Amino acid sequence: MCGIIGAVSDSNVLPILLDGLKRLEYRGYDSSGFAIIVEPGKFIRLRAPGKLIELERTVNANGNIDGFTGIAHTRWATHGPPTEQNAHPHISGGRIALVCNGIVENHEELRSWLIDQGIQFQSETDTEVIVNLIQLHMERGLDFLSAIRTSIQTLKGAFALGIVNADEPGRIIGARRGSPLIVGIGENSAYLASDIAALIAQTRKFIVLENGDIVDIKQEEIQITNLDGHVLNRDMQFSDMNPQSVELGNRRHYMEKEIFEQGQAVSDTLEGRITTSRVLDECFGIEARQIFDKTERIQIIACGTSYHAGLVARYWLEDVGMPCQVEIASEFIYRNHPTPKNCLVVTLSQSGETIDTLTALDYAKQCGYSHSLAICNVPDSSLVRNSELVFMTHAGPEIGVASTKAFVTQLVALRLLTIVMARKNSLHNLNETESIRELRELPASIEATLNLEPAIQKIAQQFADKQHALFLARGIHFPIALEGALKLKEISYVHAEAYAAGELKHGPLALVDRNMPVVSVAPNDAQIDKLKSNIEEVRARGGKLIVFADSETRLSSRENLQVIHVASVESTISPIVFTIPLQLLAYHVALIKGTDIDKPRNLAKSVTVE
Ligand code: M6R
């Protein structure tokens, strides 16, 4: 889950590496570092624990650093704490420097072997075994590239590597197995990085490497081979990513920016996918209609916030007669799946690089699931490339670790899927024109809901000194309560749990007292009367309630009960609209608590380790 970048250029690569690291920091921010070849045979390596700002301070304290070849890294610690010693790049023999994103699973065995060969380790990381292996093979007579190939053959695990040799300025070698890696092609320059956004200020021309690729990058020439040395052809692509879409602009945090972009993100996700009366099946892929015709069941697999989107979709799909199961990706692989026939696997992922989801998709294929559809926000991600059908959410880059606009656009995609699936079953009588109208009105309802910010800001004060919070809802809004609790936990560090309100009396009611804020999602749906009773049960026990309701819920504020009215919308899309106030609540609680909202402790945006 780290970010890597490398550059060869005819000008100083230091600013390029630092700018790239800034854009990659979402992948991990426990430490960062770089190694630049400043003259043949000589590196300058600087590393610093903590966020990138610490590395920038170290750079400023070290004066002028100038070189045309370099690699850099931002770390999410797996093996060894986030110290300077464990920060990448790792160096061996004073001439090979290496950065890695991923995990070497057999590192203990390799470390013992290397120690037996007389190698001394400087860090506790698994990565250091790779650089030492390469150096050892070179000492034993292999050239740089052959030493890398031979070393990789002995590694188990998933990783992406960037490697430079101080004796060969103007050259970087990259390798991909499991973790993402792209090559950027510039004017008199070439690059390597974990994603396109890292290089968007330098170039728009990219090659996406595939698993098993080894790339030999020189300023004028790029050659891709496999482990056996066979030359491979990979297409060059042009990215239309707007560099400004990854700039913060006048917002305080990316999360705030992304919350307020949600109306536009929904419009962009709908654009070109619907007419006034029909969802275009082709938006899921050319073969979608043929595959959907055969589909009898749906299995959704995802993690975290994406999993919550899947839970909402189950209500929608079952409502139109499509059996649907939803499972956390990291658990899906531990069960047998005896009846995968005519079952469409739908994976949901913002990044498309979540290793648990990728592994679960592979496992589903092994189990014989018929077809796969990825709903994803990152083009050319591993998930997109490994899936038969693809629906791209057009949320734009999501930088804040807490997922917001990706979730809302996943829900839009899943609603479109539901509408298409409903055609299979005329008994369920979903009116397609009406459903499309509801979706078209969604951006306006989101904008109206964002206007609740000042009221939510006030309510957030009540959470500032609290350790715990409960979230309650029923039915299709229960996953929204789960999502609200996850947002609060992840960015404000308040322990929050969501319960299906009917479960309250089976245990969690014991937790309720005046110190436990209870948030409830209460639209005027079929469950509202039962939910109102649960709200009263909490009040009767001294609990303090914050209820997000619509104007038809007929609930008003009184002692220990604050009601915030959200715009009334059709019940099908109300889970999307009720998500917004919970995001704002989490954001404002975190703001008051002064946490690092975009980079909460211990987390990373893209989780590429199991
Ligand atoms: O990129 P993905 O959607 O696959 O990521 C899945 C989760 O890691 C992600 O949703 C995570 O739970 C978010 N930080 C939640 O805000």
Side-chain angles (χ1 to χ4, degrees), residues 1 3 25-29 76 179-180 194-195 197 253-256 258-259 262 265 300-313 326-332 345-361 373-384 386-387 390-393 395-411 413-414 471 479-480 482-494 496 498 579-580 582-587 589-590 595-610:
M1 297 201 339
E25 222 184 351
Y26 76 91
R27 301 179 69 86
Y29 33 82
W76 188 79
S179 304
S194 297
D195 71 18
H253 299 96
Y254 281 104
M255 183 183 182
E256 181 191 23
E258 288 156 8
I259 288 174
Q262 290 181 109
I300 297 179
I301 309 171
C303 302
T305 287
S306 297
Y307 168 69
H308 295 155
L311 291 177
V312 173
V326 189
E327 190 151 358
I328 296 167
S330 57
E331 288 296 319
F332 179 80
V345 174
V346 179
T347 52
L348 308 174
S349 176
Q350 188 287 129
S351 61
E353 299 295 348
T354 301
I355 196 82
D356 289 329
T357 310
L358 291 168
T359 308
L361 175 60
L373 161 67
I375 295 179
C376 188
N377 196 40
V378 178
D380 293 318
S381 57
S382 304
L383 196 67
V384 166
N386 293 350
S387 303
V390 172
F391 181 101
M392 294 309 307
T393 49
E398 191 181 69
I399 310 285
V401 164
S403 186
T404 52
K405 60 180 181 170
F407 177 70
V408 159
T409 53
Q410 282 169 350
L411 289 176
L414 289 161
F471 284 67
I480 301 307
L482 287 168
E483 175 57 10
L486 176 61
K487 289 286 94 91
L488 192 65
K489 279 190 263 228
E490 121 177 275
I491 59 165
S492 74
Y493 317 146
V494 173
T579 300
I580 314 294
L582 301 190
Q583 294 169 342
L584 285 170
L585 179 64
Y587 175 74
V589 174
T595 60
D596 193 342
I597 293 180
D598 287 330
K599 297 185 193 103
R601 66 186 180 203
N602 305 336
L603 300 180
K605 180 72 181 158
S606 181
V607 184
T608 56
V609 291
E610 278 180 285

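Residue numbers start at 1 and run along the sequence shown. Counting starts at 1 for both ligands and their atoms, following the listed order. The structure presented is a predicted model; accordingly, all values stated were derived computationally and were not measured.
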Short side-chain donor-acceptor distance under 3.5 Å, Glu353 and Ser381: no

Residues forming a salt bridge (Lys or Arg N to Asp or Glu O under 4.0 Å) with Glu258, sequence neighbours excluded: none

For Glu256, all residues meeting salt bridge (Lys or Arg N to Asp or Glu O under 4.0 Å), sequence neighbours excluded: Arg251, Arg252

Ring pair (Phe, Tyr, Trp, His ring centres under 6.0 Å) partners of Tyr254, counting only residues at least two apart: none

Write 'none' if nothing qualifies; otherwise put on separate lines each N/O atom of ligand 1 with a protein N/O atom under 3.5 Å away and their distance to 0.1 Å.
residue	atom	partner	partner atom	Å
ligand 1	1 (O)	Ser349	OG	3.4
ligand 1	1 (O)	Gln350	N	3.4
ligand 1	1 (O)	Ser351	N	2.9
ligand 1	1 (O)	Ser351	OG	2.7
ligand 1	1 (O)	Thr354	OG1	3.4
ligand 1	3 (O)	Ser306	OG	2.6
ligand 1	3 (O)	Gln350	N	2.7
ligand 1	4 (O)	Ser349	OG	2.6
ligand 1	4 (O)	Thr354	OG1	2.5
ligand 1	5 (O)	Thr354	OG1	3.4
ligand 1	10 (O)	Thr305	N	3.1
ligand 1	12 (O)	Thr305	N	3.4
ligand 1	14 (N)	Val401	O	3.0
ligand 1	14 (N)	Glu490	OE1	2.7
ligand 1	16 (O)	Thr305	OG1	3.3
ligand 1	16 (O)	Ser403	N	2.8
ligand 1	16 (O)	Lys487	NZ	3.0
ligand 1	16 (O)	Glu490	OE1	3.3
ligand 1	16 (O)	Glu490	OE2	2.5

Main-chain N/O of Gln262 paired with Lys405 side-chain donor or acceptor, under 3.5 Å: no

Donor-acceptor pair between Thr579 and Glu483 side chains, under 3.5 angstrom: no

